[in-house]
Amino acid sequence: MSKIETIAIRTQLERTQYQEHSTPLFLTSSYVFEDAEEMRAAFSEEKERNIYSRFSNPNTSEFIEKIAIMEGAEAGFAFATGMSAVYSTLATLLNSGDHIVSARSVFGSTHSLFTKYFPKWNISHTYFNVNEEDKIESLIKPETKILFAESPTNPGVDILDLENLGRIAKKHNLLLIIDNCFATPYLQNPIKFGADLVIHSATKLIDGQGRVLGGVTVGREDLIREIYLFSRNTGPALSPFNAWILSKSLETLPVRLDRHCENALKIAELLEKETNAENTKYPFLKSHPKYEVAKKQMKLGGNIISFEIKGGLEAGRKFIDNLQLCSRSANLGDTRTIVTHPASTTHGRLTEEERLEAGIKPGLVRISVGLENVEDIFSDLKRALNT
Ligand SMILES: Cc1ncc(COP(=O)(O)O)c(C=O)c1O
């Protein structure tokens, strides 16, 4: 089988009669049929083919196929955003009365699903702290259905041991769902460690250029079938245009990621050695509490670094105001370096107590290291820290 760089480039739809080299964009909402019999066969799924772009489209199919092969998954479905992937996946699989065990440190909107919306449907959750994996088994109840985690986590860049989570999920017959957004299919494949489903916000490093939103869930075919049927009826599908962009973006994912990770490691080392930034966290820094686990499950350390600024909230905001090159933005995984202050932005809707429990201190800063010259990025950060 081809290597991941080749899969990302060469997995492609069959060419049309025009023999195009690059996949064309199929901007069509629906598809035509020769006769009533062909239509019946398509709707009854006797014949696999495109019917309507809320169900499938050639561009979304190409994008899904690439991600599925890169992740080692049997099947997948693509969504309009990462959050619609998270929501639709969980809403498909959970019933009233079910329970989720999740790492406490999850993306702010995922946390809102668990705490504000799922309780409306009598779906409960229990969090475990990222450094307390040994407590997970004691939190599992008879009604627990899903074990959920991100690794690395947003925004703290903590690492969970996927092999350990896979073992626990198997032992207790739970579905293991991993949000693999910070790692991408190039750096980490959770299915190898026992995940049943893997979710990505394709908006981040998969697009990689801050242009489009997208999401995808890949994994076990029987579960994807359920997710497909739910999504076909509820309508969160990825648009063909965004799928076309994202599929093209995947062709350069490995080269982009190599440079993102090289820049990020260098910046993390310099922040630790040459500045007063505290508690610099990057998965491939030797000082990371889970360095060995990160090395075991990731190819490289990713492009996200977190650190704390002495002086808390005010000092954090001042640092961000002092930046001249790096962008102040809430996105991540762009060619451009982006600096975010989670306590006042992405995780601003959490209570102060919830933030502290999730390890988000008032002075925590998250950097998504881009592809600019690494010395230029570092000098901007250093100057902003010292001003
Ligand atoms: C880990 C993680 N999961 C999911 C999402 C949601 O993705 P989207 O913004 O594409 O809905 C994000 C967004 O930042 C994220 O960081």
Student: Under a 3.5 Å distance rule, please check whether S368 uses its side chain to pair with a backbone N or O of G333 as donor and acceptor.
Tutor: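 Such a contact is found between S368 side chain and G333 backbone.
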Student: Going through the distances and angles, do R256 and T252 end up as a side chain to side chain donor-acceptor pair (under 3.5 Å)?
Tutor: CA-CA 6 Å; R256 285 189 282 110; T252 55; 3.0 Å; yes
Student: Give, for atom CD1 of I64 and atom CD1 of I224, the distance between the pair rounded to the nearest 0.5 Å.
Tutor: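 So the gap between those two atoms works out to 8.5 Å.
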Student: Please name the pair of heavy atoms, one in A149 and one in L165, separated by the smallest distance, quoted to 0.1 Å.
Tutor: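 In terms of heavy atoms, the two residues are closest at CB-CD1, 3.9 Å.
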Student: For the residue pair F319 and H341, is the inter-centroid distance of their aromatic rings smaller than 6.0 Å?
Tutor: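 Ring centroids of F319 and H341 are no less than 6.0 Å from each other.
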Student: Would you please test E251 and K248 for salt bridge (Lys or Arg N to Asp or Glu O under 4.0 Å) and show each step?
Tutor: CA-CA 5 Å; E251 295 188 12; K248 264 281 161 209; 3.2 Å; yes
Student: Does any N or O in the side chain of R328 come within less than 3.5 Å of the main-chain N or O of L323, such that one atom is a donor and the other an acceptor?
Tutor: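 Judged by distance alone, yes, a pair lies under 3.5 Å.
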Student: Do M83 and L113 pass the side chain to side chain contact (heavy atoms under 4.5 Å, CB included) test, and can you show the C-alpha distance, the side-chain angles, and the key distance before you say yes or no?
Tutor: CA-CA 10 Å; M83 274 326 296; L113 279 184; 3.9 Å; yes
Student: Is any side-chain heavy atom of R10 closer than 4.5 Å to a side-chain heavy atom of S2?
Tutor: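 No, their side chains stay 4.5 Å or more apart.
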Student: Is it the case that the side chains of S287 and Y282 hold a donor-acceptor pair, with the cut-off being a distance below 3.5 Å and no angle test?
Tutor: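 On atom types as modelled, these side chains do not qualify, holding no pair under 3.5 Å.
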Student: What distance do F26 atom CZ and T16 atom OG1 have between them, rounded to the nearest 0.5 Å?
Tutor: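 Nearest 0.5 Å value for the CZ-OG1 distance: 6.0 Å.
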Student: Could you check if a side-chain atom of P155 sits within less than 4.5 angstrom of a side-chain atom of L332, using non-hydrogen atoms only?
Tutor: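 No, side chains not in contact.
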Student: Taking side chain as C-beta onward, heavy atoms only, is K361 less than 4.5 Å from E278?
Tutor: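 No; the side chains remain at least 4.5 Å from each other.
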Student: Begin with the C-alpha distance, continue with both residues' side-chain angles, and end with the deciding distance and a verdict on side chain to side chain contact (heavy atoms under 4.5 Å, CB included) for H172 and T144.
Tutor: CA-CA 9 Å; H172 295 273; T144 307; over 6 Å; no
Student: Taking all non-hydrogen atoms of both residues into account, name the closest pair between V101 and L139 and its distance.
Tutor: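 Heavy atoms only, the tightest pair is CG2-O, 3.9 Å.
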Student: Look only at the side chain of N263 and the backbone of V374, and say whether a donor-acceptor pair between them is shorter than 3.5 Å.
Tutor: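 No, the answer is negative, given that no donor and acceptor are paired below the 3.5 Å cut-off.
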Student: Report yes if the distance between the aromatic ring centroids of F79 and F77 is under 6.0 Å, otherwise no.
Tutor: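 Centroid distance F79-F77: below 6.0 Å, so yes.
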Student: State, with a plain yes or no, whether a side-chain heavy atom of R225 is found less than 4.5 Å away from one of L229.
Tutor: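 R225 reaches L229 side chain to side chain.
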Student: Between S249 and R211, is the side chain to side chain donor-acceptor pair (under 3.5 Å) condition met? List the steps.
Tutor: CA-CA 11 Å; S249 299; R211 298 165 299 183; 2.9 Å; yes
Student: Can any side-chain N or O of R366 pair as donor or acceptor with the backbone N or O of N154 at less than 3.5 Å?
Tutor: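 Not confirmed, R366 side chain does not pair with N154 backbone.
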Student: Let's go through K295 and E292 carefully: what are the C-alpha distance in whole Å and the side-chain angles of both, what is the deciding distance for salt bridge (Lys or Arg N to Asp or Glu O under 4.0 Å) to 0.1 Å, and is it a yes or a no?
Tutor: CA-CA 5 Å; K295 281 272 182 179; E292 294 300 335; over 6 Å; no
Student: At what distance, to the nearest 0.5 angstrom, does CG of D158 lie from CG of N131?
Tutor: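 Here the rounded value is 7.5 Å.
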Student: Does the side chain of I206 come within less than 4.5 Å of I67's, by heavy atoms?
Tutor: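 Yes, close enough: below the 4.5 Å cut-off.
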Student: Kindly indicate, with the supporting measurements, whether the criterion side chain to side chain donor-acceptor pair (under 3.5 Å) is fulfilled by S88 and S231.
Tutor: CA-CA 7 Å; S88 304; S231 306; 4.5 Å; no
Student: Take K145 and N95, measure what side chain to side chain contact (heavy atoms under 4.5 Å, CB included) needs, and give me the verdict at the end.
Tutor: CA-CA 9 Å; K145 185 152 186 206; N95 293 310; 4.2 Å; yes
Student: Any side-chain heavy atom of T11 within less than 4.5 Å of one from L250?
Tutor: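 T11 vs L250: side chains apart.
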Student: Minimum heavy-atom separation for F33 to A42, with atom names?
Tutor: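 Result for this residue pair: CE2-CB, 3.6 Å.
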Student: In Å, rounded to the nearest 0.5 Å, how long is the span from CG of L381 to OG1 of T337?
Tutor: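 One gets 7.5 Å once the value is rounded to the nearest 0.5 Å.
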Student: Are L93 and F230 packed together at the side-chain level, in the sense that at least one heavy-atom pair is separated by less than 4.5 angstrom?
Tutor: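 No; the side chains remain at least 4.5 Å from each other.
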Student: Verify side chain to side chain contact (heavy atoms under 4.5 Å, CB included) between I309 and K318, making sure each step is shown before the conclusion.
Tutor: CA-CA 10 Å; I309 294 189; K318 187 167 165 242; over 6 Å; no
Student: Would you mind checking if R104 and E354 are paired as a salt bridge, meaning a charged N to carboxylate O distance below 4.0 Å?
Tutor: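 Answer for the salt bridge query: no.
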Student: To the nearest 0.5 angstrom, please state how far the CD1 atom of I140 sits from the CD atom of E143.
Tutor: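 So the CD1 of I140 and the CD of E143 are separated by 11.5 Å.
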Student: Roughly how far, to the nearest 0.5 Å, is the NE2 atom of H99 from the NE2 atom of H125?
Tutor: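 H125 atom NE2 to H99 atom NE2 measures 8.0 Å (nearest 0.5 Å).
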Student: Just checking, is any N or O donor in the side chain of T23 or E62 under 3.5 Å from an acceptor N or O on the other one?
Tutor: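 Result is yes, a qualifying pair exists.
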Student: So, T340 and T345: side-chain donor and acceptor under 3.5 Å apart, yes or no?
Tutor: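 Distance-only check fails for T340 and T345.
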Student: Ring centroid separation for Y117 and Y87, is it under 6.0 angstrom?
Tutor: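 Not close enough - the centres of the two rings lie 6.0 Å or further apart.
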Student: E5 versus Y186: any side-chain heavy-atom pair under 4.5 Å?
Tutor: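 They are in side-chain contact.
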Student: Give me the ring orientation class for F114 and F118: parallel if the planes are under 30° apart, tilted from 30 to 60°, perpendicular past 60°.
Tutor: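 Ring orientation, 0 to 90° scale: tilted.
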